Novice: 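Structure incoming, see below.
Keep in mind that this is a model prediction, so the values were computed, not measured.
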Amino acid sequence: MADNARAKKLADLIQVVVAEKLQRGIKDPRLGTHVTITDTRVTGDLREATVFYTVYGDDEERASAAAGLESAKGILRSAVGAAAGTKFTPTLAFVADALPDNAKAIEDLLDRARASDAKVREASSGARYAGDADPYRKPEDEDDESGENGEGSPSA
């Protein structure tokens, strides 16, 4: 079993090699320039690598890019093996990264929260306090209510 540092180094190398090979070495029109490698993870035994990617475009382009990556898997694995120089080249599994979808969902929630805050701000713009602006008693108020003057003797 390899240590985590070695697995991390191999994962970083795989990410760079796959990205460069997609950009320069593969002529598949399904992959084009709209595929981005976002992350790579390698198992502890260095036998399997999961490559996360995003695709700029609609669902049809995402499906097309997934098919293109599957067909180019052998070429990409060969390039990784040549660059890594390890005894065993890890198998590659391509997984669409959910990060853009999660970011869009968070942005939608933030937009709804901003709209709700604007409604509350608009509703409270003409509002007034139910009582006095400062509802707390002060020491001079207590003196006036007990009928005492400032010296502690009753007033005449």
Novice: Please report the closest heavy-atom contact between Thr40 and Gln15, naming both atoms and the distance.
Specialist: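 Heavy atoms only, the tightest pair is OG1-CB, 3.3 Å.
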Novice: Between Phe88 and Arg77, is there a cation-pi geometry (under 6.0 Å to ring centre, at most 45° from the normal)?
Specialist: yes
Novice: Indicate whether the side chain of Thr54 and that of Asp97 have a donor and an acceptor atom separated by less than 3.5 Å.
Specialist: no
Novice: Write down the atom of Ile14, the atom of Ala49, and the distance for their closest heavy-atom approach.
Specialist: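 Nearest pair, atom of Ile14 first, then Ala49: CD1-CB, 3.8 Å.
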Novice: Could you state the interatomic distance from OG1 (Thr86) to CZ (Arg47), rounded to the nearest 0.5 Å?
Specialist: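 Thr86 atom OG1 to Arg47 atom CZ measures 9.5 Å (nearest 0.5 Å).
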Novice: Is it the case that the side chain of Ser64 and the backbone of Glu60 share a donor-acceptor pair, with hydrogens and angles ignored and the cut-off at 3.5 Å?
Specialist: no
Novice: Considering all heavy atoms of both residues, which atom of Arg24 and which atom of Lys27 are nearest to each other, and what is their separation?
Specialist: O-NZ, 3.6 Å
Novice: Taking NZ, NE, NH1 and NH2 as the nitrogens, is one of them in Glu70 or Lys73 under 4.0 Å from a carboxylate oxygen of the other?
Specialist: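 A salt bridge links Glu70 with Lys73.
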Novice: Between the side chains of Asp12 and Lys9, is the shortest nitrogen-to-carboxylate-oxygen separation below 4.0 Å, so that they form an ion pair?
Specialist: no
Novice: Take Phe52 and Arg41 through the side-chain contact (heavy atoms from CB on, under 4.5 Å) test and state the conclusion after the steps.
Specialist: CA-CA 8 Å; Phe52 295 93; Arg41 296 189 184 139; 3.8 Å; yes
Novice: Please report the interatomic distance CZ(Arg6) to CG(Leu10), rounded to the nearest 0.5 Å.
Specialist: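 If we round to the nearest 0.5 Å, Arg6:CZ and Leu10:CG are 8.0 Å apart.
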Novice: What is the distance from atom CD of Glu20 to atom CD1 of Ile26, rounded to the nearest 0.5 Å?
Specialist: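 Answer rounded to 0.5 Å: 12.5 Å.
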Novice: Quick one: pull up OH in Tyr53 and OG1 in Thr38 and give me the separation to the nearest 0.5 Å.
Specialist: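 Tyr53 atom OH to Thr38 atom OG1 measures 10.0 Å (nearest 0.5 Å).
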Novice: Hey, could you give me the CG/CD1 distance between Leu76 and Ile37, rounded to the nearest 0.5 Å?
Specialist: 8.0 Å
Novice: Enter the distance from Ser78:OG to Lys21:NZ here, rounded to the nearest 0.5 Å.
Specialist: 8.5 Å
Novice: Testing the basics here: between Phe94 and Leu69, what is the closest heavy-atom pair and its distance to 0.1 Å?
Specialist: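 Closest approach of Phe94 to Leu69: CE1-O, 3.9 Å.
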Novice: Under 3.5 Å, is there a donor-acceptor pair between the side chain of Ser116 and the main chain of Arg112?
Specialist: no
Novice: List the atom of Thr43, the atom of Ala7, and the distance in Å for their closest heavy-atom pair.
Specialist: O-CB, 4.2 Å
Novice: Does the pair Asp117/Arg114 count as a salt bridge with the N-to-O cut at 4.0 Å?
Specialist: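 Looking at Arg114 together with Asp117, the answer is no, because their closest N to O distance does not fall below 4.0 Å.
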